[in-house]
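Numbers restart at 1 for each chain; the letters A, B, ... are given by sequence-line order, proteins then strands. Keep in mind that the numbers below use all heavy atoms, side chains included, and drop hydrogens, waters and symmetry copies.
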Number of protein chains: 2
Amino acid sequence: MRDKALGAPVSRPVLTRERVLDTAAGLVTQHGPDALTMRKLAAELGTAVTSIYWHVGNRESLLDALVERTVADLGALRPTGRTPAQRIVSLARALRRQLRAHPHLVAMVHERGLTERMFLPARQALVREAHAAGLEGARAAEVVRAVQFQVVGFVLVERNRERAPAQRPAEEEAWDAETAGPDAALARALARPVDEERLFVTSVRALVDGLLAR
Amino acid sequence: MRDKALGAPVSRPVLTRERVLDTAAGLVTQHGPDALTMRKLAAELGTAVTSIYWHVGNRESLLDALVERTVADLGALRPTGRTPAQRIVSLARALRRQLRAHPHLVAMVHERGLTERMFLPARQALVREAHAAGLEGARAAEVVRAVQFQVVGFVLVERNRERAPAQRPAEEEAWDAETAGPDAALARALARPVDEERLFVTSVRALVDGLLAR
DNA sequence: ACCTGAACACCGTTCAAGT
DNA sequence: ACCTGAACACCGTTCAAGT
């Protein structure tokens, strides 16, 4: 997510706040947030555990800094498409892609409740499209917020599903068959794994259509 | 969430798996999941730490059992309203209310990736309404899934926002004013706190309308 | 069958002491 | 200004030993 600073050609580079953050980000990216213990980090850095505290404070503020960097690194968005509705959908897809690129770090952003702040750039782009669609004031704000909630929510659900333990398929199938009753096609459809990209686009499109049609 | 078993009138009741789970659930409900350490739980129960292991295995399976109970305790749903669309919205609202009633335990369900399983009863009700709306097969399945993702996602976003640190209002206001440009009403609307119940109903209604209109 | 304390391997953090 | 090891208070878990 960020280059290591190329310092003087020493065999083991000097300990800096940057290097601590880079190494910590590496540990999180590779093995998840739980793998980031102060002792493992110190071992990775080749220093005493306590040296870390001088540079980044305690573990809590180290995580804060990591999350801060992740939020700052989220780039600008370029919507594509002809109609405002199409362009909003394209924004939503781009957002989803960005969030899924760094799952562990983004998960930490979620856990610290900073998901909203990460979305500030997206908000700007959404406002532009709401205006282009002819909405203003409170109506435009409603569209911006609804889409934002929708995208963040969908990504959170996906993350949730990915961490879900392998479902006992027998249970789910039995249940769906019972539910669907005579509608066998429905039971089959619900038994299939979700095509999340497709469901995402369908949902966002339906939401936007529903909002703009009022 | 579940009554304590009324046993024989002993001054300190016998240690059972049920009592361990009840006490653990109490700790989680009152002070959050982090407060549930094996040592604190043992102190609360008045036993040795290690006795707990005999009844519930280790901490991991204790949490599993707690989550399992929470999932099982989620009751049935009664939709209200005249049209299928209205009834779907009422289902969504009921679901959201249930999830928000036990935030800590539901948070644990989320963290263990069992949110979907918690929604199985809701799925049944949604299928019924999709059929009533005249949809069948894959089209009906799409509606069921889109609504389910929407509701779960919204609740996850709300949880996320509640844990968010107090936003520096100066930053957000400045940013929104800059974004909104000449649309002062939009800037004001975005600066106001979100009316989540309202936004929820609006979004679900728009999504359902958009899906049923296709 | 059920309960116990001692012991182990891990944590994050503080602090006085070094250079 | 920067780094260190020792020490503290906490974890979850195992295990041999009790009744």
Side-chain angles (χ1 to χ4, degrees), chain A residues 4-5 7-28 30-68 104-105 107-108 111-112 165, chain B residues 4-5 7-28 30-68 104-105 107-108 111-112 165:
Chain A
K4 279 187 187 172
V10 283
S11 61
R12 183 199 288 165
V14 70
L15 193 62
T16 63
R17 179 184 163 87
E18 269 303 298
R19 204 162 78 82
V20 172
L21 290 180
D22 287 337
T23 310
L27 277 176
V28 169
Q30 284 183 36
H31 306 106
D34 285 353
L36 181 58
T37 73
M38 301 304 266
R39 283 172 160 86
K40 274 184 196 151
L41 180 55
E44 196 83 4
L45 288 164
T47 60
V49 191
T50 44
S51 303
I52 301 170
Y53 285 79
W54 199 91
H55 287 282
V56 299
N58 55 15
R59 184 171 188 271
E60 202 60 13
S61 50
L62 167 59
L63 294 181
D64 281 341
L66 233 47
V67 160
E68 206 63 49
H104 280 139
L105 282 170
M108 282 173 51
E111 273 147 30
R112 318 211 122 220
Chain B
K4 279 185 186 173
V10 284
S11 62
R12 183 198 289 166
V14 70
L15 192 61
T16 62
R17 179 182 162 87
E18 269 303 299
R19 204 163 76 85
V20 171
L21 290 181
D22 287 337
T23 310
L27 277 177
V28 169
Q30 284 184 36
H31 306 104
D34 286 353
L36 181 59
T37 74
M38 300 304 267
R39 284 172 160 86
K40 274 184 196 152
L41 180 54
E44 196 82 5
L45 288 164
T47 61
V49 191
T50 44
S51 303
I52 301 169
Y53 284 79
W54 198 91
H55 288 281
V56 298
N58 55 15
R59 183 172 188 272
E60 200 62 11
S61 50
L62 167 59
L63 294 181
D64 280 342
L66 233 45
V67 160
E68 206 64 49
H104 280 140
L105 283 170
M108 282 173 52
E111 272 146 31
R112 320 213 121 216

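Listed for the A:Arg59 side chain is no donor-acceptor partner under 3.5 Å among the backbone atoms of A:Thr37. Between the side chain of B:Asp64 and the backbone N or O of B:Val67, no donor-acceptor pair lies under 3.5 Å. Side-chain N or O atoms of A:Arg112 include none that pairs as donor or acceptor with a backbone N or O of A:Glu68 at under 3.5 Å. When atom types are taken as modelled, the side chain of B:Asp22 and the backbone of B:Ala25 share no donor-acceptor pair closer than 3.5 angstrom. In this structure, the side chain of B:Arg19 engages the main chain of B:Val14 through a donor-acceptor pair within 3.5 Å.
A pairwise comparison of heavy atoms in A:Ala65 and A:Arg17 identifies CB-NH2, 3.6 Å as the closest pair.
OP1 or OP2 of C:dT13 sits under 4.0 Å from a side-chain N or O of A:Asn58.
Nucleotide C:dA1: paired with D:dT19 (Watson-Crick or G-U wobble, both distances less than 3.5 Å). C:dT14 is paired with D:dA6 under the Watson-Crick or G-U wobble criterion, all donor-acceptor distances under 3.5 Å.
Between the CG atom of A:Leu15 and the P atom of D:dC2 there is a distance of 10 Å, rounded to whole Å. Separating the CG atom of A:Asp34 from the P atom of D:dG12 is a distance of 14 Å, rounded to the nearest angstrom. Rounding to whole angstrom units, CZ of residue A:Arg59 and C1' of C:dC10 are separated by 13 Å. Rounded to an integer number of Å, the gap from B:Lys40 NZ to D:dA9 C1' is 12 Å. Summarising the geometry, the separation between CG on B:Leu62 and C1' on D:dT13 is reported as 14 Å, rounded to the nearest angstrom. With rounding to whole Å, A:Met38 atom CE is found 10 Å from C:dT14 atom P. Between the P atom of D:dC11 and the CD atom of B:Glu60 lies a distance of 17 Å, rounded to the nearest Å. Whole-Å rounding puts the A:Leu36 CG to C:dC11 C1' distance at 13 Å.
For the segment residues 49-56 of chain B, residues with any heavy atom less than 4.0 angstrom from an atom of DNA chain C are, sorted by number, B:Thr50, B:Ser51, B:Trp54, B:His55.
Among the nucleotides D:dT4, D:dA7, C:dG5, the one closest to any side-chain atom of A:Arg39 is D:dA7.
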Practice item. Could you walk me through whether B:Thr16 and B:Leu21 pass side chain to side chain contact (heavy atoms under 4.5 Å, CB included), step by step? Key: CA-CA 9 Å; B:Thr16 62; B:Leu21 290 181; over 6 Å; no
